[in-house]
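One-based numbering, in listed order, for ligands and for the atoms of each.
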Amino acid sequence: MTEKKIRCRIAPSPSGFLHIGTAKTALYNWLFARSQDGAFILRLEDTDAERTDEQYVDAMCEGFRWLGIDWDEGPKFGDEPQKGAYGPYRQSERSHFYQREAERLLQEGKAYKCFCTREEIDAMREQAAREKRPPRYTGKCRNLTPDEIAAKGETPYSIRFRVPEGETVVEDVIQGPVRFNNKEYDDFIIVKPNGAAIFHLAVVVDDGLMEISHIIRGDDHLTNAGRHVMLFNALGYPLPKFAHHPLVHDEQGRKYSKRLHGANVLDWREDGYLPETLINYIALLGWTSEEEGREFFSLEELKGMFTLKRLTKSPARFDRKKLDWLNGQHIRMLSPEQLRDRVVPIMRKHNLDVDARQQEWLLEVVSICQEKIPTLNHIVGYTDFFFERPATYDEKGTRKFFEKEESVLWLQTAIECMQQADVWDHQTLKAQYEADAAAKEIKIGALVNTTRLALTGKTVGPGLYELTALLGRDEALARMERALTFIQQQSGDTQT
Ligand code: GLU
């Protein structure tokens, strides 16, 4: 017997940006599908027309793209036409399926027409509240006879699912068997009086007709899963496997609010994080590797080692420090060329005239920052001084290095070092600085930091000798002289 093909899906509602929780769900489905040679499907749950916006569809798809989560089947996106044999992939285009399946349930007696009006339902709810019962539908229309139904004529009706007696068990890969007494559910509506399918019907019909084999999603859908299992059975679809994973919590342990910066996956791109970092980080938000203690994973590696049984049950708390650390590590793991290609557009956006420079020089400039920058965006502050002379000097730095009694001596010594360097490269500069510091009994730190402030206007940045070498001898010396004049003017000013 051939095994049924693994088919997983992500089914976002395009009513907002790509939330980090949705990205996590998508990643787990994608990894599982890829690790099993299965298919990964993108389906848009866009039936809520008021909340759906094409701009969110684009933002979501773009988020997936950025992360490297591609789909084998899905709706039209940008220039790409719809792909896959189970379409359409937007719920708004699938209402005929929902109608057909609801009709089937009606005919089989597994659903019934409910003619209760809004007012009647509200009255039932109030009555239940007075009697301190949960607000369930009383079942008024459950057993209407065909004559009674015919007598309703054109009266609008909703369609309710006839919840069977007994117990429903959701066999969940992560949670274990989750049992629901069917009494906990009332006969829920599956089609509204205007003919629109309710989420529960739509999602089950879609999963059933699309032959989804595994439903991996957030555990906020666990209670829904009871309803879904009943619907799968009633519709005669094979039951998929369920895996409900915990939601992502923020650093305070609350559900990661949409309003927080960073809830939108693309915020991280904006902030200079790598997609590799996010993938690595999100993977570890709810999954552990069999290799204990291992922290670095690429998408490719994850594909080979992902298993559902290593998904964790406890909520994942967002840890910004860990994310930042991972981002630094992933920046170091890029090749210098890859890093250059990623940061050059950022530098250009910040008006650094990268196009006037040689590629080789740019590569070196970027390389000396690779070990230092925590995010791609930091490249700007770490390299802007290469493109223009510092307009000001860091205030704290000025007090520490330019306003000391020895400041002039430090600068002059550094200038001499530069003048004496017979080759203009970082090794020679380093050797010269160290020799002069020792000869004049000046702390090397004082020489280095004074030079850094003079050349860059800052107190942090790439390695000093490396940046000095790349700046070029003439430019470096010009900046040193400029700083010397500045110091002398400052002390002149304070003396008068
Ligand atoms: N549209 C639902 C959501 O975004 C997904 C439902 C499901 O995965 O079954 O939460």
Checklist entry - Stepwise, does the salt bridge (Lys or Arg N to Asp or Glu O under 4.0 Å) test hold for R142 with D186? => result CA-CA 11 Å; R142 197 173 217 251; D186 54 1; over 6 Å; no
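Ligand 1 has R9 within reach: a non-hydrogen atom of the residue lies less than 4.0 Å from it.
Only one option out of F180, F161, Y137 pairs with Y185 in a ring-ring contact (aromatic ring centres under 6.0 Å, His included); it is F180.
Ring geometry, F318 versus Y256: the interplanar angle exceeds 60°, so the pair is classed perpendicular (tilted spans 30 to 60°).
When only modelled atom types and interatomic distance are considered, D187 and Y112 share a side-chain donor-acceptor pair under 3.5 Å. Side-chain contact annotation: H261 with D271, donor-acceptor N/O pair under 3.5 Å present.
Ranking the protein heavy atoms by distance from atom 5 (C) of ligand 1 puts A11 O, 3.3 Å first.
Looking at H244, E45, H200, it is E45 that brings a heavy atom closest to atom 1 (N) of ligand 1.
Per-residue contacts place V203 under 4.0 angstrom from the following atoms of ligand 1 (heavy atoms of the residue considered): 9 (O). When each atom of ligand 1 is checked for a heavy atom of R217 under 4.0 Å away, the hits are 7 (C), 8 (O), 9 (O). Remark: ligand 1 atoms within the under-4.0 Å shell around heavy atoms of F199 are 6 (C). Heavy-atom contacts of H221 reach the following atoms of ligand 1: 2 (C), 3 (C), 5 (C), 6 (C), 10 (O) (cutoff under 4.0 Å).
In this structure, R227 is positioned above the aromatic face of F188, its NZ or CZ under 6.0 Å from the six-membered ring centre and within 45° of the axis.
If you look at Q91 next to ligand 1, there are no close heavy atoms at all, none under 4.0 Å.
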